[in-house]
Every structure is written in C-alpha cells, then in structure tokens.
Amino acid sequence: MSLSSRIVAGSAVLALLVAAAFGVLVFAVTSLDDATKRERHAKAVTAQTLQLEKLVLDLDTGLRGFVLTGKTDLLRPWTSASRALPSKRHAFLKLASTTPEERRRAEGLVSSIDQYVSDYATPVVEIARATPAASRTDIVRAEGARRLAQIRKRFADFLGTENAVSAARTSAAQRHSDEAIAAAVAGLILSAVLITGFGLYLARSIARPVKEVADGAARLAGGDLTTRLEPHGIGEVEELTNAFNQMAERLEASRRELEEQNERLRESEQAKSELVSVVAHELRTPLASVLGFTSVLLQRDVGEEQRREYLEIIEAQGRRLSALVNDFLDVQRLEEGQLSIASELVDVGRVVREQSELFAGQSPKHLLDVSLPPTPLPVRGDSNRLAQVVANLLSNAIKYSPSGGVVRVAGKRNGTVVRVTVQDEGVGIAAEVQREIFGKFARGHAADEGIEGTGLGLAISRSLVEAHGGQISFESTKGRGSTFWFELPTASAQ
Amino acid sequence: MTAQAETTAAKTVLICEDDSNLRTLVRLALGESYRFFEAPDGPSALELTRRIQPDLIVLDLMLPGRSGFEVLSDLRKGDNAETPVIVISAWSHSDEAAYEAGANRFVAKPFDPDELRDAAVELLGNDGRHN
C-alpha cells in the first residue's frame, strides 16, 4: 500500500471517528432538549389537570350550595363551570395525548367527569330546581360525595401516573444524555490520541526519511559519492530512498569512469611524449651518420673508393630515416583508422619469396631457410602491406638474433587459411614482456640489448593482419628464439 | 705530459658504439694519429679497457649488453677513474646525467666531426698529429 493511500485512509478513519464523536454529542444535546420539552409538557398537563379538577370542584360546590339552600345565586359556580367545562375538557384531551396510554388514561378521567355530570350532577340540579326537597336527601348527598371522591381519586391517580411517567422519561433522557456525552468525550480523547499517533507516524515515515535523504544529498554534494541510504520507508519514501541510492550509484560510476578515462588519457599522453622522445632518438642516430659523413666529404680530401663508401652510408642511412618516418606515419594513420588497404588477389607465397630474397643478402651471419609449396597461396588484400608484415617479421628475426643462425620462413595452406611462419634462433622474448609485445613502443628488453627499432613494427603488423581479417601471434622462449606466425583467410578460387 | 706524449707511441682511443657507421665516423673525426680500438657492446668495452688501458674513451649511451651509463659507472669505480670519457648520445637531454655519472664531455648526436675532435684534443692535450 502506497504512503499516500495510507495517509488518505488514515485521515478518513480519523475524520469518521471525530464525526462520530460529534454525532454522539449532538445526540446528547438533542436528548437533553427532548427531556426539557417533556418536562415542560408534563407541567402543562399537570396545570390543565388541576384546572379541570378545579372546574369539577366548582361544579360540585355550586351543586351542593344550590341543593342545600335552593338559592339560585349559589348555583353560579356550577353554571360558569358547566360553561367552561367543554373547552377545558377538549384542551385537556388534546394536551394529554402524547402517548396512546396517556390518552387512554385522560379519556378515562374525562369520561368519569362526563358520567358524574350526566348521570348525577345534571339530574340532581334538575330535581333540585323542580322539587328541592327531593334532592335534599342523604342518599343524594352520599352519592355526590362518593362520586366526587371517586373523581378526585382518579385525578390524583392521573397526576401521580403522569408525574411518574414524566420523571421516568426525564431521568432516562438524562441518563442517555450523560452516556452520550461520556461516549463523545471518550471518542474525542481517542481521536486526539489517534491524531497525535498519526502525526508521529507521518513524521516517522515521511519527515525522518526525507531528512535522511536531505542529509545524504548534502554529503553527496560535498563530494562523498559513496553515500548510500538505508533502504527503509514505505511506498513513495522507499522509492525516494531507492532513487537516491541509484542516483548516487550512477554518480559514483560515472566519476569512476571519468577517472579511468583521465588515467587512460594520461597514459596516452605519456605514450605520446615517449614517442616524441623515441622518434627524436631514432632519427638522430641515422642523422648522425648522414650529417657526419657529409661534413667529412665536404671538409676533407678523401679517395675515390672512400668517397663512394661514405656516400653509400649516407644513402643507406637516408633510407633508414625514410623508413622510420613511414613507420611513424603508418602508426599515426592506423591510430586514426585512415590506412587504406587494397583488396586484390595476392599470392602470399610470392610475397614471402620476394622479401626473403631481399633480406638474404643483408646479413652474412644469418641463413634464411625458405619453405613454400609449389602452388600459390592466394589471399585477398594489399600486397604492399602484406610485404611490410613479412619484412617486419624477417627484420625482427635477424635483429633479435645478433649472433646469427638459421631463420626459417615457411608458407603453407592450412585448411581455410594461409599460414606464414618466421622462426629464429635469437634472444627470444622474456615471459614478463610477452603479453605487451604487440603494443606500441613495446621493445621488450631490446633497448638493454642495444637492438634498434621504434617498437612500432609488431603493432603495425598486427593492425595490418587484422585489417586483412587474419590473426598474428608467436611462441618464444628467452634465450632460445622466437616463432612468429600469421594467418589470413584463403581467397576463394576464381 | 707533453714530453711523454711526444716520446711514446700514438695515443689509444677506445670507441664504444654499436653502430659501425658511427664508429667509422668517430675515427674520421679524430684523425689518423690515434690508435683506435672498437667495442660494439658494453661488456667488450669494459674488457678492452682493462686490456689496453686507453688514453681516451668515446662512449655511446645506448649499448647492447650494458648501457653506457653502466659502463661509465664501472669504469669510475675501478682502475680507470681518471681516464677521460667523451659521451656521445642521441638522447640530447642526457648530458646532466652523463656528467653526474663521470663523463668529461658530452657530445649530442648528430655531431659535428670537428666538435668531437676539439673535445678529444682538449682532453688529451694535443691532436696527436705532431707525434
């Protein structure tokens, strides 16, 4: 359940609780109001009853005075009471009809009054008017007293019942009201406790995690990218924490990447400055011969034979300079991916033969043993670039076997590839530098051993072989010599 | 010293350089009045020094076997602490290191043959031609 749903649900429950408490309070007030109304009504009923009773007493007083004395003016209370009775009777019945039971009691009372009037009082007054003596009997008097006592008892009963019912109702209403107020107060206290609890819950589940995120963000802004938050919280807060951690993760990763990039840049800068240094050194050595012999030729008298020898040295060193410059340019183009490779049908066997012949005459200490099949070794590629690779391997084989020996060069078809192998009996490559031997400026221990070179030949060769879709590798033992080989896909017969 | 040089045989110069063209060039630069010995690598340079006790050593820094610095440091530690040494190197910024290692002169490649000859004359007291 998400945090916002929880907040909405919690708020709704609390609102309902508060509303219920207020509802109960309203009920209590209504009950009190009701009780007050009932009391007022009970008082009114009592007043009406008493007035009705007074009318009955007036009737009786008038009746007895008239019967005893025969004087008409003593009949006045009777006359006025008889006149007032119907409306009073009606008003009383109307008022005392809150419940059917009350109405029944009221009607009982009223009918006993009616009976008294119709069955006794009216006939007695009639008799007293006609024959006063006939009405002045003990029987009549006793009957009147009995009936009046009966009516008065009924009045007393009615009032008693009315008071009892009213008191019972009032106390019930009072009790309900008290209970309702107690319930409402309890409800409000409970609401207050729950609202406080809900506030604490919100503080715990929102304010505290948000504060933690804010602190974390401050630490992050301060540069501590390892900052992570405890993964707790609910719903949206948990999402916030997770999002924060992901952001920190990304930031840290990208900084790491930047640092690595920087490190690579630094290394590449260093390699570049080493290249400049190596280039300067490698160019100065042949330049020393070119300039030195030129100035000897210019400043001194030398014989014809020597002059020729010096000029040949100058030419050879000039060529070496040119080759070095080409190597550097090749590396530059390979690095920038600008080296163009032709795609023609090339007989690798022929390339190997031509290069071997070129190198065979260069070093009298080395014997080149060339082994090639009678049939062509066709590949698709650039014959000049492939010649460059073979020349580089042959040149290395000779350079790195300064004591001389046999250099075995072989070309053969090996399944779907053409494989060229160049094996020497030279110094070999120490195990610790074998891994980086194809890297730029990697010269193994050549510098210590005084072997010249730019450290670029194998890097160029590998790039060229790979550009032809082939691969190049070697096996070597320090002190025993090396075997370099490369393989190119055989061109399909045409 | 001058008297000794005039009365004894030509002074000996050991050329320690792996490039044969440059060894030839050093000979040409110094002139024909010296006796030259050549070493193409570090170990043979030390071996020849012990044997012939040259009057001057022309030393390349990039030597096979042992670098010029190692050769120089071995020389200065041994019996040849005083033998004059001219360092020739294509590492043009190695001059300070070469002087610290005990070189008497530093000549950067490519060099002017006359500059090398002048350095040798300065160190040996004459050019050897008036023998």
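Sequence lines set the chain letters: A, B, ... in the order given, protein chains first and strands last, and positions in each chain run from 1. Predicted model, so just to flag it, every value in this text is computed and none were measured.
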Open item on the list: Between A:Leu291 and chain B, with a heavy-atom cut-off of 4.5 Å, which part of the residue counts as in contact: side chain, backbone, both or neither?
Closed with: side chain
TODO: Step through the shown structure and confirm whether more than 12 heavy atoms of other residues, nucleotides or ligands are within 6.0 Å of CD on A:Glu263.
DONE: yes
Open item on the list: Less than 4.5 Å to any heavy atom of chain A: does that hold for the side chain of B:Asp60, its backbone, both, or neither?
Closed with: neither
Open item on the list: So for atom CD, which belongs to A:Glu305, do other residues, nucleotides or ligands contribute more than 12 heavy atoms lying within a distance under 6.0 Å?
Closed with: no
TODO: Answer yes or no: is there a side-chain heavy-atom contact under 4.5 Å between A:Thr421 and A:Thr483?
DONE: yes
Open item on the list: Under a 4.0 Å threshold between the charged nitrogen and the carboxylate oxygen, would A:Arg385 count as salt-bridged to A:Asp330?
Closed with: yes
TODO: Measure distances from A:Ser289 to the heavy atoms of chain B and classify the residue's part below 4.5 Å as side chain, backbone, both or neither.
DONE: both
Scan the side chains in residues 310-319 of chain A for donor-acceptor partners under 3.5 Å anywhere in the protein, sequence neighbours excluded, and list what turns up.
unit_1   : atom_1 : unit_2   : atom_2 : d
A:Tyr310 : OH     : A:Gln306 : NE2    : 3.3
A:Glu315 : OE2    : A:Arg319 : NH2    : 3.0
A:Gln317 : OE1    : A:Arg320 : NH1    : 3.2

Open item on the list: For the backbone of B:Ala39 and the side chain of B:Glu17, can you confirm whether one donor and one acceptor N or O come within less than 3.5 Å of each other?
Closed with: no
Open item on the list: So that I can tick it off, tell me whether B:Glu32 and B:Arg27 are bridged by a salt bridge, with the cut-off set at under 4.0 angstrom between side-chain N and carboxylate O.
Closed with: no
Task: Toward chain A: residues of residues 76-91 of chain B with heavy atoms under 4.5 Å - done: B:Ala90, B:Trp91
